[in-house]
2 protein chains.
Amino acid sequence: MKGKLVDKKELSTEGKIKEAARKVFQQKGYAATRTRDIAEEAGINLALLNYYFRSKKNLFDIIMLETVSSFVQSMTTLLNNEDTSLEKKVELIVSHYIDFFTQDPNIPIFMMSELRDNSDGLIDKLQINQVVMDSVFFKQYREAAEKGEVAVSNPMHFLMNLLGQIIFPFIGKPFLKGIGGLNDKQFNSMMQERKKLIPVWMETMVEVTR
Amino acid sequence: MKGKLVDKKELSTEGKIKEAARKVFQQKGYAATRTRDIAEEAGINLALLNYYFRSKKNLFDIIMLETVSSFVQSMTTLLNNEDTSLEKKVELIVSHYIDFFTQDPNIPIFMMSELRDNSDGLIDKLQINQVVMDSVFFKQYREAAEKGEVAVSNPMHFLMNLLGQIIFPFIGKPFLKGIGGLNDKQFNSMMQERKKLIPVWMETMVEVTR
DNA sequence: TTTTGATTTAAACAAATGATTTAATCAATT
DNA sequence: AATTGATTAAATCATTTGTTTAAATCAAAA
């Protein structure tokens, strides 16, 4: 009745096309998506897609930009919280992105496979490097490193580990489900467990001196 | 002069097509690959592709089966070495796959994105679950868990962590390169560092009792 | 040399697909 | 009710793309 984000009928035609495009693109990727798939999913006539968005590529670019932007935006917010410790930030990041990807499990593979070669320079355009490297989080990390509280030589390793622990399960899902004989419910349950486990693992990893 | 695997000119036409298909499919994925791309890459007439392999889909299935099989095959060998400890196995797995994916960096995204929904049941067909769960490695892991030497509740978490540490950097490469301002050489250098780091991290992670 | 079967080539076909056109329909305003 | 502009539907176009056809070429056997 009242839900704007749930009830498709309250979306404008333009909005319906965009939501359908998001769904189909994220599920099948750019090349495997037919404009007719999007039109059908949106419940609109094919011509409308070009009427509102000019071309398939243009529509895709909009979806991709929004998808990556929302990822980067929340990352920016989480990394620059002045009021939380390093450890708390890790907790919040883990929790946020596990919930985020549990809701839209296709986003990791979608982003990674479509940005394979970063051909249109989207990553550079969004200045992800500054977002991460100039963040409060990394300032805190470097301070802790100076005090000797943290011993992972290169902060990029720390980042690879953190993101890998969070994102990889969603990417390797078909393999992992096959190996562990898991259904969707069991998989999601494990991801919820990881909200508590990953921060602990990150903590111990970081303390290794070698 | 003598190298079979290096010198394309010594490959049969069928072999040239297969190698070209492997390269293009792994780089661009099934849907984005044109049969003409493969023909051009192989330096052969387009009709030969269908002459030797019947259809694009059939050729793709062959490449995909070989790719996943070689992954599973080496995994099977490494997991079932009777003469090495748990710790040594982790070392060998890390080292092997980092070298393997450094040589063919497209394989992780290729496998993961094309097996998204595991639609043709390839994963089940290869019985990856038995390969992993019935392995010497997991027997050793469960024994160590009984002795209390290992404290990660679910061995699937251990697997997610191990594979994530190894594979995720290759999948998130465009992001990570962007964030860290890395070139290919620096990226590969970090991956070589991880050969030593990941086993240590896995060790410490596993000891956490919580 | 002739023959025979395998291999290769150039050309063409048919279906799929992104995009456009043209006219009909709808909703709001006068 | 009539008008007007926005929205929608159906048909069509032009190109791409997987596949096939038919003939030419090559290599080995007879």
Side-chain angles (χ1 to χ4, degrees), chain A residues 4 7-67 110 113-114 116-117 119-120 122, chain B residues 4 7-67 110 113-114 116-117 119-120 122:
Chain A
K4 278 184 193 172
D7 193 346
K8 272 190 182 177
K9 284 170 190 168
E10 292 199 24
L11 283 179
S12 66
T13 299
E14 190 176 335
K16 282 196 290 185
I17 295 173
K18 227 168 93 170
E19 282 317 301
R22 189 187 319 281
K23 178 172 174 183
V24 181
F25 277 140
Q26 287 180 356
Q27 194 170 84
K28 318 212 294 183
Y30 178 76
T33 294
R34 310 285 96 107
T35 53
R36 284 164 176 82
D37 299 338
I38 298 174
E40 190 184 5
E41 174 70 33
I44 54 97
N45 184 277
L46 175 58
L48 286 178
L49 190 148
N50 295 288
Y51 175 77
Y52 282 108
F53 294 98
R54 303 257 322 254
S55 72
K56 176 190 177 186
K57 179 61 163 49
N58 185 50
L59 177 53
F60 175 81
D61 287 344
I62 291 170
I63 300 300
M64 176 56 84
L65 179 64
E66 287 191 5
T67 303
F110 172 71
S113 59
E114 298 293 344
R116 250 181 252 245
D117 49 0
S119 54
D120 53 353
L122 180 61
Chain B
K4 278 185 194 172
D7 193 346
K8 272 192 183 176
K9 284 171 190 167
E10 292 198 24
L11 283 179
S12 66
T13 299
E14 191 176 334
K16 280 196 291 185
I17 295 173
K18 227 168 93 170
E19 282 318 300
R22 188 188 320 280
K23 178 173 173 183
V24 181
F25 277 140
Q26 287 181 357
Q27 195 171 83
K28 318 212 293 182
Y30 178 77
T33 294
R34 309 288 101 111
T35 53
R36 283 163 177 83
D37 298 339
I38 298 174
E40 190 183 4
E41 174 70 32
I44 53 98
N45 184 281
L46 175 59
L48 288 177
L49 191 149
N50 295 286
Y51 176 75
Y52 282 107
F53 293 97
R54 304 255 321 254
S55 72
K56 176 190 177 186
K57 179 60 162 51
N58 185 50
L59 177 53
F60 175 81
D61 286 344
I62 291 170
I63 299 300
M64 176 55 84
L65 179 63
E66 287 190 6
T67 303
F110 172 70
S113 59
E114 298 293 343
R116 249 182 252 244
D117 48 0
S119 54
D120 52 354
L122 181 60

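Every chain is numbered from 1 and lettered A, B, ... according to where its sequence line falls, protein lines coming before strand lines.
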Atom pair CG (B/L65) and CG (B/D61), whose distance is rounded to the nearest 0.5 Å: 8.5 Å

Check: A/K23 side chain, A/A42 main-chain N or O, donor-acceptor pair, under 3.5 Å: no

Residue that, paired with A/L59, satisfies side chain to side chain contact (heavy atoms under 4.5 Å, CB included) out of A/I17, A/N50, A/T35: A/I17

A/E14 (side chain) donor-acceptor with A/Y52 (main chain) under 3.5 angstrom: no

Value rounded to 0.5 Å, distance of CD in A/E41 from CZ in A/R34: 15.5 Å

Whether B/F60 and B/F25 hold their rings parallel, tilted or perpendicular, with breakpoints at 30° and 60°: perpendicular

Any B/E19 side-chain heavy atom under 4.5 Å of B/R22 side chain: yes

Residue-phosphate contact under 4.0 Å: A/T35 side-chain N/O, C/dA19 OP1/OP2: no

Nucleic acid contacts of residues 50-58 of chain A, taken as heavy-atom distances under 4.0 Å to DNA chain D: A/Y51, A/Y52

Side-chain touch A/K28/A/D37, heavy atoms, less than 4.5 angstrom: yes

Phosphate OP1/OP2 of C/dA16 contacted by A/R34 side-chain N/O (<4.0 Å): no

Considering only nitrogen or oxygen atoms on both sides, find all protein atoms under 3.5 Å from nucleotides 9-13 of chain C and state each distance.
from	atom 1	to	atom 2	distance (Å)
C/dA10	N7	B/N45	ND2	3.4

Between NZ on residue A/K56 and CZ on residue A/R36, distance to nearest 0.5 Å: 11.5 Å

B/K18 atom NZ, over 12 foreign heavy atoms within 6.0 Å: no

Positional range of nucleotides in DNA chain D within the contact set of chain B, heavy-atom, under 4.0 Å: D/dT17 to D/dT21

